[in-house]
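This report concerns only the one structure given below.
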There are 2 protein chains.
Amino acid sequence: MQKHPGIKDIARIAGVSIATVSRVLNGNSYVSPELSKRVLEAAGKLKYQPNRIARGLRKGKTNTIGFLIPDIENPFFSAIVKGAEDFLRKFGYTILLCSSSGIAEREDELLNVLFSHKVDGLMTIPLESQTPYLEKIERLGIPVVVIDDIIKKKDVSSVASDNYSGMSQLMRYLLDTNHKSFAFLSGDPHTYSGKERLRAFRDVMVRQQENVEYEILFGTYTFNSGIDMLRKLKRIPDAIVCGNDMIAFGVLTELQRMRYKIPDDVSITGFDDVLFSKMTNPPLTTVRQDYYMMGEVAAQLLMDSLNYKKRDSVLLKTELVIRGSSRE
Amino acid sequence: MQKHPGIKDIARIAGVSIATVSRVLNGNSYVSPELSKRVLEAAGKLKYQPNRIARGLRKGKTNTIGFLIPDIENPFFSAIVKGAEDFLRKFGYTILLCSSSGIAEREDELLNVLFSHKVDGLMTIPLESQTPYLEKIERLGIPVVVIDDIIKKKDVSSVASDNYSGMSQLMRYLLDTNHKSFAFLSGDPHTYSGKERLRAFRDVMVRQQENVEYEILFGTYTFNSGIDMLRKLKRIPDAIVCGNDMIAFGVLTELQRMRYKIPDDVSITGFDDVLFSKMTNPPLTTVRQDYYMMGEVAAQLLMDSLNYKKRDSVLLKTELVIRGSSRE
DNA sequence: CTGTTAGCGCCTTCAC
DNA sequence: GTGAAGGCGCTAACAG
């Protein structure tokens, strides 16, 4: 922060008081055309840029939104951020982005940092569901929207995809196409989405009357974890249902290395439909989440909290995307 | 920004002056253990969080770094951001991230927003090389580091990979493995990296004495652009050299759809070595850039400018990664 | 060692 | 319609 022109400077040049400068720059109170013109000219000449820090201090509003996510490198998260950013910009807000890199303490620490920066609102994709972090969040005293989790607390808004219904639909499709044995390679089960997908898988399996076999393994939402889990499988079933696309990529890669034919020998499915899902060979059958819209909706919810103090939770539809990695 | 405890509140509770509170909280001046204890207790009880906005206004330093990138959804960029963020956090800085979504005017506008927020420094991956934006940047009056471009201006630091040498090395390898005809599918040639890669390709082709044939097409650094360019090719050569991995993915997908055998019929190469490059089938031969380190180096350069007013430009090594998409 | 005071740049009553 | 003055929360002199 160097010494740069302030309203004082432009007041001096325009030969008016700083109050007048403030008024024309904010355009809320009437100022004579004559003075207006002089002020605007001086501002232009000085290339004046308002100091939002000072303004924030005075108005108690920084026009800044904190965004705390688990991992910026995950394309799923960054697409959400993009959706939110595009939306928020229209309202003059800027995003203060922090990534916890999957570390819980850092998540907590960054929350304090963001709060310290006096963000007007907070958007967050929690590392895990139901943690002290989530409880802390609602006592923050600023509008919060939680993404990829559904919170019932009345002080925070939330938005997530309908993971349960998406996974159910996928399972029904697999059953309809005559798959009899399954493996479910779950991502982190502490996560809201992890829980929901697993719950759907189990429910479908249990309700199924015919004799189906299945096995469930736990890992993380990563490529390498997919490979690990695959290796631990007791046997290769008709279909390997993966917790997300990243896991599926790992499974696909490893299975091909082992000379299995996909989908002839075994079907593979993912969840998310990230950009790369259609690029694999064969392309991946998966459940699409509209992450960009998720970001937009989250931003909309935040604006609602900010302006009308309205809280809400929305569940987004998912869509089954059938591609070549599952046999018909 | 609600009404939350300030040093005034804790001064009242601890029965001391606000100056004393400030002193113990910042720990720069000696305060008696007795008072210190009372202050700390009061602060703890109130769950006090310093207001960095006010502090920033007073100190002329916000501990905030602006980061302006073309597209947050591009894994290449977000990896760079991650590298920088991890580094900057250790120094107590937070990143204010903005994405121009590839729109030049927005890039300019966001620069103003960031400046208005009184960031202490700026990191940016420019949309294009040599634009008014770049010229504006050096007159900002704050330390700047430009990433993925090399700037010779003495007021800004910069860091980029050695694209020229990386592409040269790749071409030599292709020549050594007996490829005789080539297509170069360039990304945006206004970009520093685009220019350098193209220049390397041309130089190698021109210097080559034996009769080699080649064709050059221009597009953007995207999956779809890869498909488009492929379709415009006059004929399928021995090797298709792509401007980056995303283009290569498009080419790979489309070529396989057309029933070509990779690499038997044609070799394909990329540039960047993003996460997914090893997941395609066959995995992609490419040139690795260490984006995470690029972010770290950029952050380091920024800290140097901030602390010692030292400017520098660094060129990072690349590494040829040979995988299955090119024949031996 | 500790308290009092003066701003950082801006917006906003309150007078004129 | 316009100017003067106070204060947002904090830090950094300056006194004592």
Side-chain angles (χ1 to χ4, degrees), chain A residues 1-40 42-43 46-64 92 112 115-120 141-142, chain B residues 1-40 42-43 46-64 92 115-120 141:
Chain A
M1 208 149 86
Q2 328 288 107
K3 241 201 102 262
H4 276 287
I7 54 171
K8 210 181 289 180
D9 300 295
I10 104 163
R12 188 167 28 77
I13 293 188
V16 299
S17 76
I18 59 169
T20 301
V21 174
S22 174
R23 280 194 270 258
V24 348
L25 259 26
N26 291 292
N28 36 19
S29 178
Y30 187 84
V31 178
S32 73
E34 161 63 13
L35 293 191
S36 272
K37 186 164 152 275
R38 270 162 42 198
V39 167
L40 259 11
L46 292 172
K47 292 199 205 320
Y48 171 76
Q49 293 287 132
N51 182 331
R52 299 197 189 207
I53 292 296
R55 183 180 290 175
L57 182 60
R58 176 62 236 244
K59 308 230 302 184
K61 186 167 187 320
T62 55
N63 275 290
T64 285
N112 290 338
F115 183 79
S116 252
H117 274 288
K118 294 295 143 187
V119 293
D120 295 333
I142 55 174
Chain B
M1 205 150 88
Q2 328 287 108
K3 241 202 101 266
H4 277 286
I7 53 171
K8 211 180 288 181
D9 300 296
I10 103 162
R12 189 168 26 77
I13 293 189
V16 298
S17 75
I18 58 168
T20 301
V21 174
S22 174
R23 281 193 271 258
V24 349
L25 259 26
N26 291 291
N28 35 19
S29 178
Y30 188 83
V31 178
S32 75
E34 162 63 11
L35 292 193
S36 273
K37 187 161 150 275
R38 271 164 40 200
V39 167
L40 259 11
L46 293 172
K47 293 199 204 318
Y48 171 77
Q49 293 289 132
N51 183 333
R52 299 197 189 206
I53 292 297
R55 182 180 290 174
L57 182 60
R58 176 64 237 237
K59 308 230 302 182
K61 186 167 188 318
T62 55
N63 274 289
T64 284
F115 183 78
S116 252
H117 275 287
K118 293 296 144 188
V119 293
D120 296 333

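Hydrogens, waters and symmetry mates are skipped; everything else that's a heavy atom, side chains included, is used. We name chains A, B, ... by the order of the sequence lines, and we start the count at 1 in each one.
- Contacts of A:Ser22 with the nucleic acid, taken as non-hydrogen atoms under 4.0 Å apart, include base atoms.
- For B:Ser17, the listed nucleotide lying nearest its side chain is C:dT4; candidates were C:dC8, C:dC1, C:dT4.
- Phosphate contact (OP1/OP2 of D:dG1, side-chain N/O of A:Ser29, threshold under 4.0 Å): absent.
- Between B:Arg55 and A:Ile53, the closest side-chain pair of non-hydrogen atoms is not below 4.5 Å.
- If you measure from atom NZ of B:Lys8 to atom C1' of D:dC10, you get 10 Å, rounded to the nearest angstrom.
- When all heavy atoms of A:Asn63 and A:Asp120 are compared, the pair lying nearest together is N-OD2, 2.6 Å.
- In this entry the distance linking CG of A:Asp9 with P of C:dG9 reads 9 Å, nearest Å.
- Closest of all the heavy-atom pairs between A:Ile18 and A:Lys8 is CG2-CA, 3.8 Å.
- Residue-to-nucleotide contacts include a donor-acceptor pair under 3.5 Å from the side chain of B:Arg23 to the base of C:dG3.
- Across all non-hydrogen atoms, the minimal contact from A:Arg52 to A:Gly92 is NH1-O, 4.1 Å.
- Rounded to whole angstrom, the span from the CG atom of A:Asp120 across to the C1' atom of D:dC8 amounts to 15 Å.
- One finds no side-chain N or O of A:Lys61 lying less than 4.0 angstrom from the OP1 or OP2 phosphate oxygen of C:dC11.
- Counting to the nearest Å, the P atom of C:dC1 and the CZ atom of B:Arg38 are 16 Å from each other.
- Comparing atom distances between the B:Thr20 side chain and each of C:dG3, C:dG9, D:dT11 picks out C:dG3 as nearest.
- The phosphate of D:dG9 has neither OP1 nor OP2 within less than 4.0 Å of any side-chain N or O from B:Tyr48.
- Nearest heavy-atom pair across A:Thr62 and A:Val119 is OG1-CA, 3.8 Å.
- Taking the six-membered ring for Trp and the full ring otherwise, B:His4 and A:Phe115 have centroids separated by under 6.0 Å.
- Scanning atom types as modelled, one donor and one acceptor separated by under 3.5 angstrom connect the side chain of A:Arg58 and the base of C:dC11.
- Mapping A:Pro50 and B:Val31 onto DNA chain C by nearest heavy atom places B:Val31 at the nucleotide closer to the 5' end.
- In this entry the distance linking CD of B:Gln49 with P of D:dC10 reads 11 Å, nearest Å.
- Each of C:dG9, C:dC11, C:dT12 was ranked by its minimum atom distance to the side chain of A:Asn26; first place goes to C:dC11.
- Rounded to whole angstrom, the span from the CG atom of A:Leu57 across to the P atom of C:dT12 amounts to 13 Å.
- Across the protein-nucleic acid pair, B:Lys59 atom NZ and D:dT11 atom P stand 7 Å apart, rounded to whole Å.
- The separation between A:Asn63 atom CG and C:dC10 atom P is 15 Å, rounded to whole Å.
- Comparing D:dT11, C:dC10, C:dC8 by their nearest atom to the side chain of A:Ala54 picks out C:dC10.
- Considering only the side chain of B:Ile18, C:dT5 comes nearest among D:dT2, C:dT5, D:dG3.
- When distances are taken from the side chain of A:Arg55 to each of C:dC11, C:dG3, C:dT12, the shortest belongs to C:dC11.
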